[in-house]
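For clarity, every value in this text was computed on a predicted model and none was experimentally measured. Residue numbers begin at 1 in each chain, while the letters A, B, ... track the order of the sequences.
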2 protein chains.
Amino acid sequence: MNTVDFAKAIGDETRQKIMSLCCCRQLSVSEIVAQMGVTQPTVSHHLKILRDAGMVRMERRGKEIYYTLNQERLAQGCCRVAEEFAPDIDLKIDSKA
Amino acid sequence: MNTVDFAKAIGDETRQKIMSLCCCRQLSVSEIVAQMGVTQPTVSHHLKILRDAGMVRMERRGKEIYYTLNQERLAQGCCRVAEEFAPDIDLKIDSKA
DNA sequence: TTTACATATAGACGATTATCTATATAATGC
DNA sequence: GCATTATATAGATAATCGTCTATATGTAAA
């Protein structure tokens with residue numbers, strides 16, 4: 001995944017809200033929809049974009065599909081951007097406890 | 001500057017090419033135009049977006065205006081994104097020699 | 001197998017955006 | 001002042017994108 005696609009994937013208010021919601025916990029699509037001001041198809045649309053960008057993981061359980069943000073991929077994308085355009089500045093990843 | 005505006009500013013192929021060009025050296029608008037496949041007004045347009053996002057510095061010398069990428073701001077934006085959406089991963093900035 | 005529920009997809013539509021041409025502004029030299 | 005060069009701005013246009021409604025797909029329960 002290149003830096004343009006990465007930045008485009010995260011460069012939308014609705015998607016960032018979704019990212020915040022399923023950043024630290026699994027959420028079903030309905031749960032996401034319930035907390036956003038847009039329709040379910042719109043949420044599904046944005047989830048697809050995030051999925052295609054590798055930014056979220058999905059897991060089906062029964063009728064529901066749970067999404068979680070892929071924090072590693074996100075951080076990797078940030079590092080890629082910094083490496084490419086800010087070579088004089090060093091961004092290091094340290095996994096927290 | 002919020003993370004949406006930051007991601008939108010860098011989420012364009014033409015702008016990323018400009019960012020690459022004036023990442024490590026000052027370049028005048030004409031010099032940038034010469035290395036890109038778009039017209040001068042288009043380059044000016046993208047420079048304005050990068051300027052508004054604080055991603056480039058400009059310096060007038062005579063008739064020419066020289067642009068440089070603001071690597072610190074860029075790296076800061078990357079960190080902001082990681083902090084907000086990947087709180088379990090720690091991205092630290094280390095200034096290189 | 002029908003019904004109900006959860007999610008995805010298709011298609012339409014308005015808004016935003018990237019590009020262009022034409023023109024304005026700014027700086028320099030004659 | 002006038003001409004020249006460099007950059008910015010205005011306005012038009014086509015393409016992309018985000019949102020909606022309608023509908024299809026998938027899963028589980030009756």
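- Side-chain atoms of B:D12 and A:V4, non-hydrogen and from C-beta on, never get closer than 4.5 Å to each other.
- Distance A:Y66 OH to C:dA8 C1': 17 Å, rounded to the nearest Å.
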Once base and sugar-phosphate atoms are separated, protein heavy atoms under 4.0 Å mark nucleotides 10-22 of chain C, 5' to 3', with B, S and - as --------SBBBB

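- Remark: A:M58 engages A:R51, A:I65, A:Y67 in a side chain to side chain contact (heavy atoms under 4.5 Å, CB included) (not counting sequence neighbours).
- Counting only residues at least two apart or on different chains, the side-chain hydrogen bond (donor to acceptor under 3.5 Å, both in side chains) pairs with a member in residues 15-24 of chain B are A:T3-B:Q16, B:R15-B:H46.
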A correct 5'-to-3' footprint of nucleotides 25-30 of chain C, with B, S and - meaning base, sugar-phosphate only and no protein heavy atom under 4.0 Å, is -SBS--

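- Judged as a salt bridge (charged side-chain N to carboxylate O under 4.0 Å, His left out), and not counting sequence neighbours, the contacts of A:K48 are A:D52.
- Not counting sequence neighbours, B:Q76 has no partner by the side-chain hydrogen bond (donor to acceptor under 3.5 Å, both in side chains) test.
- Listed by chain and residue number, nothing satisfies the side chain to side chain contact (heavy atoms under 4.5 Å, CB included) test with B:K63 (two or more places apart in sequence, or in another chain).
- Distance, B:K48 NZ to C:dA24 C1': 16 Å, rounded to whole Å.
- Between the CE atom of A:M58 and the C1' atom of C:dA6 there is a distance of 12 Å, given to the nearest Å.
- Rounded to whole Å, the distance from CG on A:L50 to P on D:dG18 is 11 Å.
- Here D:dT16 presents its P atom at 12 Å from CD of B:E13, a figure rounded to the nearest Å.
- Under the rule for a salt bridge (charged side-chain N to carboxylate O under 4.0 Å, His left out), the partners of B:R61 that lie at least two apart in sequence or sit in another chain are B:E59.
- Among the atoms of the strands shown, only primed sugar atoms or phosphate atoms (P, OP1, OP2) are found under 4.0 Å from some heavy atom of A:Y67.
- Among residues two or more places apart in sequence or in another chain, the salt bridge (charged side-chain N to carboxylate O under 4.0 Å, His left out) test is passed with B:E31 by none.
- The interatomic distance linking A:K17 (NZ) with D:dT19 (C1') rounds to 15 Å, in whole Å.
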